[in-house]
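Sequence positions, counted from 1, serve as the residue numbers for this chain. What you see is a predicted model, and the numbers here were worked out from it, not measured in a lab.
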Amino acid sequence: MFVIKRFHPPASPSVMESRPLTRHGAMTGGTTSHSRHPNYQALSQPSHSSVATPGPSREPPQDALDSPVQFEDMEEAGPAHQITTNSSAANLAALDTEEQEFQGIGQYDDFHTTDWQRDIARDRMRHRYIAKKKEESVWDWIKSGHDAWSGWLCVFLVGVIAGAVAGMIDIGTSWMSDLRFGVCQQAFWFNQEQCCWSSNETIYGPNNCSHFFLWPEAFGDSPDGAGGYIVSYIFYVLWSLLFASLAASLVMMFAPYACGSGIPEIKTILSGFIIRGYLGKWTLLIKSLGMILAVSAGLSLGKEGPLVHVACCIGNILSYMFPKYGKNEAKKREVLSAAAAVGVSVAFGAPIGGVLFSLEEASYYFPLKTLWRSFFAALVAAFVLRSINPFGNEHLVLFYVEYNKPWIFIELVPFILLGIIGGIIGTLFIKFNIRWCRYRKTSMLGQYPRLEVVVVTLITAAIAYHNPYTRMNTSNLIYLLFSQCGVANTDSLCDYQRNFTSANTAIEIAAAGPGVVRAVWLLALALIFKCVATVFTFGLKVPCGLFIPSLAMGAIIGRLVGIGMEQLAYHNQDWAVFAGECSTGENCITPGLYAMVGAAAVLGGVTRMTVSLVVIMFELTGGVRYIVPLMAAVMASKWIGDAFGREGIYDAHIILNGYPFLDSKEEFSHTTLAHDVMRPGKNESFYVITQDSMTLDDVEQLLRETDHNGFPVVVSRQSQYLVGFVARRDLNIAISQAKKNTEGIVGESLVLFTSSVPSPWMGPPPLRLRKILDLAPITITDQTPMETVVDMFRKLGLRQTLVTHNGRLLGIITKKDVLRHIKFLESEDPESVLFN
C-alpha cells in the first residue's frame, strides 16, 4: 500500500548541530564520508538523479533500510552557527515582523513539468480567501462574482476570436490557392468561385468563367493549347515555390514553434509540460500566416490540425487577462482544453466533435466543468464562423455533403474492408514518417530546413500539376469524392451511361463510361502520390496538418471501392443480396458514401481516434443513418492499427521528440517496486536541506553544485523525518528577493523552514522560508508497486513523489524516472526521454 500523508516532525534539534552524515554500507567497501560542505548533507543512498538510467530490479542494502543511521564523530560546526551575544535593533525588528512574502513563487521554468496537486491546492486557497472576503464589502462581493464567471467569459472570448481568425484563414487560403491559376479581373481579392458568381455561364467550371483571368491569357495563349499548358505549369510551380519559401522563412525568422501540426506539443502541454513561447502571440501570428501560405503552395498538408494550435494560442494569451488562469498552470489547462475543442469546431464545423476530440485525444485532465465550457466555446466559435460564411455555401466546411440513399446490409462488408485498409495504410504511414523524421533530426538534412521545404515543394508541384485530382485544392478533391453524381456534375467521375430528362429525375444505376475508367486510373495514381508526398511533407518547417491529407487518401480509396461495388450491383442485379434494393432501376449504391467511410478509416488509422472521429464525420454529412458504417470502419481501422503498433501519429511524434508524456491509455503490467526506480542509485548522492541548521551560504553552495529541480526538507540529519519539499526555482527567487529587501541578511544567516524563531535570538537575522515550503508532499513507501506509482503520476499529475522507509526519507521518484523506467522495461532507450 502506498501512503499519502503529511509528516508531523518531532521537536527540532539544536541549531548548533551540524554533522555530516554517512549511510553505513551504502558505498562499496563500507562506511564512507562525503567531503561536502559541513552544513548540508549528501547521502550516498537513494536520490533525485536526472541522468541515471533505470536498471534491473535491485534490493536496497538491508542495513540501509532497517538499521539506524550511523554517524561519525565530527567537530562542531564553524562560526557560521555559533550564537553570538551581540544583538541589534535591526535583528529584533526582523524577528518581530511577519514572514516575508515573495513574488513569482509557484511558477515553473521552461521545459519543466508542472505539479498539478500543488497548483490545485493554491487555487483552492485563493478561492477560500475570496469566499471569506466577499461578505466584508460590496466591492469584495463583485470581485467574488467576477472570479466565478471569469472562466465562462474567457472561453467565450476564445470562441469569438478563434472563429474570426479561422474565417480569415479560410478566405485567405481560398484566394491564394486560386492565385496559382489566375486572377479575377474585376476584383483581384476574389477567388475563382466568387469571381464567377456574376458570370452569365450557367455551369461553373475552371475554364468556362470569362471573368477569371487565367495566366496563359496574359501572354495571348489559349489555356487549352500546348503553349497555354506550359505557361500555366510554370506559374503553378513558381507560385507554389514562392508561397512555401515565404512560409518557411517566416517560421524560421520569427516563430520556430509555428512549424508542424502542433497537436503533439499541445497534448504534452495539456499533460502539464511547460514550453515557453509555444502558445505566444508571435507563434499565433506566424502560424496563421504560414498556414495560409503552406496550404496555398499545394503541399500535401492541411490547416485543420494547425487550427487547434492557433486556438490554443488564443486561449493562452487570453488567460493572462484573468489572473485566476494566467498565474496557475493547472487552471490554465482548463482554458487550453476548451481551446482545443474550439480548434476542431472551426476546422470541421463540428462543435460536438471538437469537444469529444479534446476529451479523447488532446486533454489529460478534463473535469466536468471543462466539458461544459468546451461545449460553450465550441458553440460560440461555430456560430461566429457561420456568420462569416467563408465558403459562401452556408456551411462551416468546404466539403459539406448530404446523402439521402439508405445503405444496404451487404455494404457492411466493404465498409469493414475499408476499415482494414485504413488501419494498414495508417500504420505504414506512421512507420515511414517517423523513420524519415528521425533521419531528418540526425542527419545534415535537419540543418537546412528551408532548402528541404523548397525541394519538397518543387517536386510536389512539378508532379501534381499533371494530374487534375492532385492539381486541385485537397479540400476541393475531398468535396468532389464525397459528392453524388447528378445532372449538373460534369466531372469524368460521373461519366455514366445515363439519360437525364430533367433535373428532378431519379439517378439510375448505370454502366460506367470511359470517363469513369480514366478517372479511376487517375485516382489510383493520385493515391500513390498523396501517400508518398505526405510522408515527406508532415514534419517540414512550415505549418502542416494531417487531417486533410488523411481524409483525401481515404476518400480516394473509398470512392474506388464504391465504384467497384456500384458496377458489381449493376451487372449482378439478380443476386440475392442486391435483388431487393437494386431491382427498381434506381441507384442503390452511393460511391460518395464509400469515400466518406474510407476517409474516416484512414484518418482513424493514422490518429487512432474513434468516437470523436465518428461524430466529426457525422456532423460533416448531417445524417444519422450512416453512423453504423462509420463506426464499423473506424473500429476495424483501430483494431488493425493497434495490432501493429499502439501509438497514433501524434503519440509517435511525442516519443520521437522525447517529451515527458505519460499516456493514460497505456497499461503498466510489470511487477517492479518503488525502490527499483527511486533515486539515487548506488554510489549516488542524495541532497537534502535541514529545517533550521543550514546557513544561507550552505544553501547557495548546494544550489551551485547541483541542478536538481527541488530538495526535500528534513528535521535534522539524525532523524531524517520529512518536513516538506522546496522547489529549486522558488528557493532561488526567495533568496534573491530576501537579499534585496531584507536588511541584515548575510551569508551566516540561518535559513529557517520552521513556523517560529527560537527565542531569545541573538545572531544575524534568519531567512525564513516556510511560505515557499510544500508541507504536504506526496509520499510513498519503498515497497509500493510501480503500477500504483504510475497510476498516481497519471491521475494526480505528479511532478515527483518522495520515498520513505519506516517513516524516514529514503529517496525520490520523478516523472522522468518513471518514463525512463517504462522505456527500460520495454527494451527501448531510456535516454530518449529528454526533459524533466
Side-chain angles (χ1 to χ4, degrees), residues 107-114 116 119 151 154-166 169 250-252 254-291 303-347 354 357-358 361-366 370 373-374 377-378 381 541-545 650 653-654 657 659-661 797 835:
Q107 301 301 309
Y108 302 94
D109 291 324
D110 199 8
F111 294 108
H112 282 76
T113 302
T114 62
W116 287 75
D119 288 349
C154 185
V155 297
F156 171 79
L157 295 176
V158 171
V160 170
I161 297 177
V165 170
I169 290 174
L250 288 174
V251 169
M252 297 304 297
F254 298 105
Y257 284 150
C259 66
S261 167
I263 293 181
E265 288 76 13
I266 295 298
K267 289 186 65 172
T268 308
I269 290 172
L270 288 175
S271 73
F273 192 57
I274 303 293
I275 308 179
R276 301 290 180 198
Y278 197 84
L279 301 178
K281 55 183 181 298
W282 276 106
T283 304
L284 169 63
L285 177 62
I286 301 303
K287 189 88 172 188
S288 302
L289 294 176
M291 196 190 317
K303 62 182 185 298
E304 279 65 21
L307 276 174
V308 177
H309 187 185
V310 166
C312 288
C313 288
I314 295 171
N316 178 69
I317 294 170
L318 291 178
S319 68
Y320 287 99
M321 297 173 55
F322 306 90
K324 172 182 178 180
Y325 297 101
K327 294 183 178 180
N328 191 304
E329 294 294 340
K331 295 292 292 181
K332 182 189 295 183
R333 272 141 186 80
E334 297 179 9
V335 176
L336 297 181
S337 293
V342 168
V344 175
S345 173
V346 297
F357 170 82
S358 181
E361 184 67 19
S363 296
Y364 201 82
Y365 172 68
F366 206 80
T370 302
R373 289 172 180 170
S374 299
K541 295 301 181 182
V542 294
C544 51
Y650 301 127
H653 275 268
I654 288 174
N657 293 324
Y659 295 136
F661 182 77
F835 304 104

OG1/T370 to NZ/K331 distance, rounded to the nearest 0.5 angstrom? 7.5 Å
Under 4.5 Å between any side-chain heavy atoms of Y364 and F661, yes or no? yes
Would you indicate whether the side-chain heavy atoms of F366 and L270 approach each other to under 4.5 Å? no
State, to 0.1 Å, how close V155 and A338 come at their nearest heavy-atom pair, and which atoms those are. CG1-CB, 3.8 Å
Stepwise side chain to side chain contact (heavy atoms under 4.5 Å, CB included) test for R333 and I269: CA-CA 8 Å; R333 272 141 186 80; I269 290 172; 3.6 Å; yes
What heavy-atom pair brings Y659 and I275 nearest, and what distance separates the two atoms? CE2-CD1, 4.5 Å
To the closest 0.5 Å, what do you measure between CG (L157) and CD1 (I317)? 12.5 Å
Any residue meeting salt bridge (Lys or Arg N to Asp or Glu O under 4.0 Å) with E361, in chain and number order, not counting sequence neighbours: K267
Filter on side chain to side chain donor-acceptor pair (under 3.5 Å), then keep only pairs touching residues 269-280, sequence neighbours left out; what's left? E265-Y278
With a 4.5 Å limit on heavy-atom distance, are the side chains of I274 and F111 in contact? no
Considering non-hydrogen atoms only, spot the tightest contact between A311 and V158 and give its length. O-CG1, 4.3 Å
Looking only at atom types and distance, does a side-chain atom of H309 sit under 3.5 Å from a main-chain N or O of L307, one as donor and one as acceptor? no
Let me confirm one number: the CD1-CZ distance from I161 to F156, rounded to the nearest 0.5 Å. 10.0 Å
Any sub-3.5 Å donor-acceptor pair from T283's side-chain atoms to G277's backbone N or O? yes
Quick one: sort the Y365 and W116 rings into parallel, tilted or perpendicular, breaks at 30° and 60°. perpendicular
A side-chain contact here means heavy atoms from C-beta on lying under 4.5 Å apart; do L336 and I266 qualify? no
For V346 and G163 the tightest heavy-atom approach is CG1-CA, 4.0 Å
Using side-chain heavy atoms (C-beta onward) and a distance below 4.5 Å, is V310 in contact with M291? yes
Indicate yes or no for a side-chain donor-acceptor contact from S345 to the backbone of A341 under 3.5 Å, with no hydrogens or angles considered. no
With side chains defined as the heavy atoms from C-beta onward, is the minimum distance between V251 and P543 less than 4.5 Å? yes
Okay, side chain of N316, backbone of C312: is any donor-acceptor separation there less than 3.5 Å? no
Quick one: CG on L285 to CZ on F254, what's the gap to the nearest 0.5 Å? 9.0 Å
Determine whether V335 and R373 make a side-chain contact, defined as any pair of heavy atoms from C-beta on separated by less than 4.5 Å. no
Taking all non-hydrogen atoms of both residues, which atom of K287 and which atom of S261 are closest, and how far apart? NZ-O, 3.5 Å
With rounding to the nearest 0.5 Å, note down the distance linking NZ in K332 to CG in D119. 10.0 Å
Which pairs count as ring pair (Phe, Tyr, Trp, His ring centres under 6.0 Å) when at least one residue sits in residues 311-340, sequence neighbours excluded? none
Restricting to non-hydrogen atoms, name the atom on I314 and the atom on A162 that form the minimum distance, rounded to 0.1 Å. CD1-CA, 3.7 Å
Checking S358 against S363 for the side chain to side chain donor-acceptor pair (under 3.5 Å) test, could you report, in this order, the C-alpha distance in whole Å, the side-chain angles of both residues, the deciding distance, and whether it holds? CA-CA 5 Å; S358 181; S363 296; 2.9 Å; yes
Atom CD1 of I286 and atom SG of C313: how far apart are they, to the nearest 0.5 Å? 11.5 Å
Distance-only, no hydrogens or angles: does the Q107 side chain make a donor-acceptor pair with backbone N or O of K327 under 3.5 Å? yes
